[in-house]
Peer 1: 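Have a look at this one.
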Amino acid sequence: ITNEPICAFPFTAKHYDPDTTEPISSGLQSLEELLSWKRSDANPFNVATVPLANREPSLASTPHRTLVSHDMMGGYLDDRFLQGAESDAPYVFYHWQYIDVFNYFSHNTVTIPPSVWTNAAHRHGVIVLGTFITEWTDGGKMCEVFLKEEESYRAVADRLVQIAHCYGFDGWLINIENPLGETAVKNTPLFLRYLTDQMHERVPGSMVLWYDSVLENGQLKWQNELNPSNRVFFSACDGIFTNYNWTEQNLEGMKAYSAAQGRLADIFVGVDVFARGEVVGGKLETNKALEMIRKHDFSTAIFAPGWVYESIPDKNDFRKEQDKFWSLLSDFLYVHRPSSPLPFVSSFCQGAGTSLYWRGQREVDRSWFNLDAQELQPLYYRETLEGEGWLRTQGCPEDAWSGGSSLLVEGVLPSMLSKVCARIFSLQVPLSSRVFVSLIYKPSPGVTVSLELKTADATLCTHRGVQDIPSDSIEPVALTEDHQLMRQFSQSCGQWNPDGWTVRCSQLELQGCALRDVCVSVRRDGGDKDTPFKCRVGEIMILDAESLSVAPLPVQSVCLYDVVWLRGANKLNLNATLRWRYPAQLVRHFLVYWRRLRGPDPRIPSGKLALIGRAYCPLFRVTELTVPEPPGLLELVVEPVSREGFRVPESQWGRRSLSYTEERTDQS
């Protein structure tokens, strides 16, 4: 098979699954592989495309930080498939509002976080750390090589900085778990200081942490605290992640220790959720450890919270158990507010589902997992109300408006209350003077559902350290169908059938306001008895009203490369990479289609567009696409879907045709 050469790019086999050529993420296995790494070797599919969102309070001004170290079954599981995977019950993380730092951990020498994790974390204002680890005898030999002199340790640090900058994550956990010789241990603080300085220069807001393992004399001996034996490493970087077998006496000693003064937030006290060894808490008593850590004003590093997933026999119970685990910790965690300009949009997709929905209809009817599809996550919690009343928010994969899940707001409205308000987002979003608000939901009978927005003076919201800012509650009034904004909205949405979903749109006129909280208000329609209710919220959208009249941009520079033809049983499969240009901040996702333009029989007309899949950045690998036998001409088509969910006119879509014929080679 030959193909029309469109663009020439290097094809690096290790970045692709050997059977399907799907793009995959992986780490580096050795010092030699790290030192030989070049930017031209980078996996383009593993480059994070979501910039780190601003947040209130900033990480630098957060006194009690929370780090999650994701260590699960060796790492690089279904999450290594960078365009998603079929998975019936995958592990997903969605309690981002509680954490500040996410570390992807494995036992590769260099663990490069899969971009799907970096994108999901960045969307919520959470920084991401890779892991550099040496261990056992081979690790000791490696350290003696790269820590022998300034030139060698700077070479390693330079590569680590280049890798983080290239792939778009925010720093490193340095984990030396082997004894060090005299020269190596002397150079370790110099390595840490150089790495930290270079990371800060290249990636603003980055972080380098040291794991509590080696002592200043080179001995491998976990201290479970910051003390004079490991202070030299702490002083050379952004913080320390302590080992897990601490006692309250360790915490008391650290708080009084001179090296900790002014840097308590940089001491991440480790908590092993698996509760291995002599530890405080762990498993469903992890809250006991956090209570003690916060009592002494330290940050915390929660290691392997995937225990929740690994410990349950029926993975279909995962969401319930995950929500239970994090609710037990919630009293000792602190909600940060993602801060970004309008539009604010969330359909509550957690990045997985039993079906893939679009506008309330099943687009794909199979289980899937792709954290790139995860949208801004709400607050998940259970609250006790007066009398017999209660309120809960949780993900609902049984039905969705877009993606894989909706938000289920349910509970009992007690007789003494006429309404209840569920806070589902805490934000810091400056609002324009004219705002369009859309709420899509499915309520149960007997209640009326609406949005309640809490706003504050935008200038107040920027003050550091201010938590209790005076705010105003606004309940937007629904627009009529003939309102100008409703007509513009309907025109932008195109044809749709809500199919049981209620679409409620409103307009607000404001001046100098910032959005602080988004709440779902549930009112009893009548009577005064305890009223059970359920409401599935499919999507909330808050836009600058002027954006409804902005013309969409065209897809540009569609490029096709890394073409691989594979023959199966009586079929021909195309595998190829598509790249195009389109402003990432304007798009929710792209739809990639193909169609046959011409085949061997000219009497057969061109085919209709068939959906291949969704892309979440301007790069997509077409895999195992069965195409007609050669000679042929086919077309690949890219349709952008805006952040607001608006379809772009077909004239603005991107297209690239591919002609192919079969070359026959004579064999003697």
Side-chain angles (χ1 to χ4, degrees), residues 49-56 96 119-120 122-125 337-349 358-359 372-378 401-403 406-407 424-441 451-455 458 461 474 476 479 483-494 496 503-520 537-553 582-590 616-617 639-648 652:
T49 56
V50 177
L52 178 64
N54 293 324
R55 45 169 280 180
E56 291 290 336
W96 295 105
N119 287 334
H122 280 185
R123 193 170 285 118
H124 296 85
R337 298 171 181 266
S339 174
S340 58
L342 293 177
F344 168 77
V345 182
S346 183
S347 64
F348 311 100
C349 179
W358 176 248
R359 290 181 176 168
D372 270 344
Q374 188 181 85
E375 299 204 353
L376 199 68
Q377 290 299 290
W401 175 254
S402 176
S406 56
L407 177 68
I424 59 172
F425 287 107
S426 285
L427 306 162
Q428 167 57 29
V429 178
L431 296 174
S432 56
S433 57
R434 199 162 66 108
V435 175
F436 180 81
V437 181
S438 167
L439 169 66
I440 299 175
Y441 62 102
L451 272 188
E452 190 171 306
L453 308 179
K454 295 188 185 297
T455 64
C461 294
I474 302 170
L479 296 174
H483 191 281
Q484 178 192 356
L485 283 181
M486 279 300 295
R487 291 200 301 270
Q488 287 179 321
F489 180 66
S490 299
Q491 185 177 352
S492 298
C493 290
W496 66 345
V503 181
R504 178 188 174 105
C505 299
S506 314
Q507 177 189 229
L508 298 174
E509 294 189 4
L510 307 162
Q511 196 66 44
C513 290
L515 180 62
R516 296 286 288 172
D517 293 310
V518 178
C519 307
V520 173
V537 185
E539 184 175 85
I540 291 174
M541 189 158 55
I542 302 171
L543 318 174
D544 182 342
E546 304 305 319
S547 68
L548 292 174
S549 56
V550 174
L553 298 174
Y582 199 87
Q585 71 274 16
L586 300 181
V587 74
R588 181 181 294 197
H589 59 260
F590 300 92
Y616 295 91
C617 67
E639 176 193 2
V641 177
S642 75
R643 281 277 300 281
E644 301 85 356
F646 301 157
R647 288 276 169 88
V648 172
Q652 307 287 66

Peer 1: How many angstroms lie between CG in Leu342 and CG in Asp544, if you round to the nearest 0.5 Å?
Peer 2: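 So the gap between those two atoms works out to 6.5 Å.
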Peer 1: Calculate, to the nearest 0.5 Å, the distance between atoms CG and CZ belonging to Leu427 and Phe344 respectively.
Peer 2: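 It comes to 5.0 Å.
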Peer 1: Hey, could you give me the CD/OG distance between Gln428 and Ser340, rounded to the nearest 0.5 Å?
Peer 2: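 Atom-to-atom, Gln428:CD and Ser340:OG are 9.5 Å apart.
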Peer 1: Hey, does the side chain of Glu539 reach the backbone of Trp401 with a donor-acceptor pair shorter than 3.5 angstrom?
Peer 2: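 Side chain of Glu539 to backbone of Trp401: no pair is present.
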Peer 1: Would you name the heavy atoms of Ser402 and Arg588 that are closest together and state the gap between them?
Peer 2: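 Heavy atoms of Ser402 and Arg588 come nearest at OG-NH1, 3.4 Å.
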Peer 1: What heavy-atom pair brings Ser406 and Phe348 nearest, and what distance separates the two atoms?
Peer 2: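 Shortest heavy-atom contact: C-CB, 4.1 Å.
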Peer 1: With sequence neighbours left out, write down each residue that passes side-chain contact (heavy atoms from CB on, under 4.5 Å) with Val641, or none if nothing qualifies.
Peer 2: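 Partners of Val641 by the side-chain contact (heavy atoms from CB on, under 4.5 Å) criterion, ordered by chain and then number, come out as Trp358, His589, Leu591, Arg647.
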Peer 1: Can you measure from CG (Leu439) to CE (Met541) and round to the nearest 0.5 angstrom?
Peer 2: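 It is 10.5 Å, given to the nearest 0.5 Å.
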Peer 1: Are Leu553 and Gln652 packed together at the side-chain level, in the sense that at least one heavy-atom pair is separated by less than 4.5 angstrom?
Peer 2: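 Leu553 vs Gln652: side chains apart.
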Peer 1: Between Tyr616 and Thr49, is any pair of side-chain heavy atoms under 4.5 Å apart?
Peer 2: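 No, side chains not in contact.
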Peer 1: Has the side chain of Tyr441 got a donor or acceptor atom that lies under 3.5 Å from a matching backbone atom of Ile540?
Peer 2: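 Answer holds: no.
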Peer 1: Can you tell if the side chain of Tyr582 reaches within under 4.5 Å of the side chain of Val648, non-hydrogen atoms only?
Peer 2: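 Tyr582 reaches Val648 side chain to side chain.
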Peer 1: Could you pull out all residues at least two apart from Cys519 that satisfy side-chain contact (heavy atoms from CB on, under 4.5 Å)?
Peer 2: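 With sequence neighbours excluded, Cys519 shows a side-chain contact (heavy atoms from CB on, under 4.5 Å) to Cys421, Arg423, Glu452, Lys454, Asp517, given in chain and number order.
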Peer 1: Picking from Gln374, His122, Gln377, what satisfies side chain to side chain donor-acceptor pair (under 3.5 Å) with Trp96?
Peer 2: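 When Gln374, His122, Gln377 are each tested with Trp96, the side chain to side chain donor-acceptor pair (under 3.5 Å) holds only for Gln374.
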Peer 1: Do you know the tightest heavy-atom contact between Ser346 and Glu375?
Peer 2: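 Reported closest heavy-atom pair: CA-OE1, 3.3 Å.
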Peer 1: Minimum heavy-atom separation for Gly403 to Cys349, with atom names?
Peer 2: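 Heavy atoms of Gly403 and Cys349 come nearest at CA-SG, 3.9 Å.
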Peer 1: Judged by atom type as modelled, is there a donor-acceptor pair below 3.5 Å linking the side chain of Arg337 to the main-chain atoms of Arg516?
Peer 2: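 Side chain of Arg337 to backbone of Arg516, a donor-acceptor pair under 3.5 Å: yes, one is there.
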Peer 1: Checking side-chain polar atoms at under 3.5 Å, does Ser339 have a donor or acceptor matched by the opposite partner on Glu56?
Peer 2: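 On atom types as modelled, these side chains do not qualify, holding no pair under 3.5 Å.
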Peer 1: State the OG-CD1 distance between Ser347 and Ile440, to the nearest 0.5 angstrom.
Peer 2: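 If I round to the nearest 0.5 Å, the distance is 9.5 Å.
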Peer 1: What distance separates Leu515 CG from Ser426 OG, expressed to the nearest 0.5 Å?
Peer 2: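 So the gap between those two atoms works out to 9.5 Å.
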Peer 1: Please give me the minimum heavy-atom distance between Glu644 and Pro343, naming the atom from each residue.
Peer 2: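 Shortest heavy-atom separation between Glu644 and Pro343 comes out as OE2-CG, 3.8 Å.
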Peer 1: Set out, in order, the CA-CA distance, both residues' side-chain angles and the distance that settles side chain to side chain contact (heavy atoms under 4.5 Å, CB included) for Glu546 and Ser432, then state yes or no.
Peer 2: CA-CA 9 Å; Glu546 304 305 319; Ser432 56; over 6 Å; no
Peer 1: Does some side-chain heavy atom of Pro552 sit less than 4.5 Å from a side-chain heavy atom of Phe646?
Peer 2: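 In short, these two side chains do not touch, never coming nearer than 4.5 Å.
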Peer 1: Which atom pair, heavy atoms only, marks the closest approach of Pro378 to Leu407?
Peer 2: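 For Pro378 and Leu407, the tightest heavy-atom pair comes out as CG-CD1, 3.9 Å.
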Peer 1: Looking at side-chain heavy atoms only, is the closest gap between Leu453 and Ile542 below 4.5 Å?
Peer 2: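 With C-beta onward as the side chain, the pair touches.
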Peer 1: Output all residues satisfying side-chain hydrogen bond (donor to acceptor under 3.5 Å, both in side chains) with Arg55, sequence neighbours left out; order by chain, then residue number.
Peer 2: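 Thr62, Asp100.
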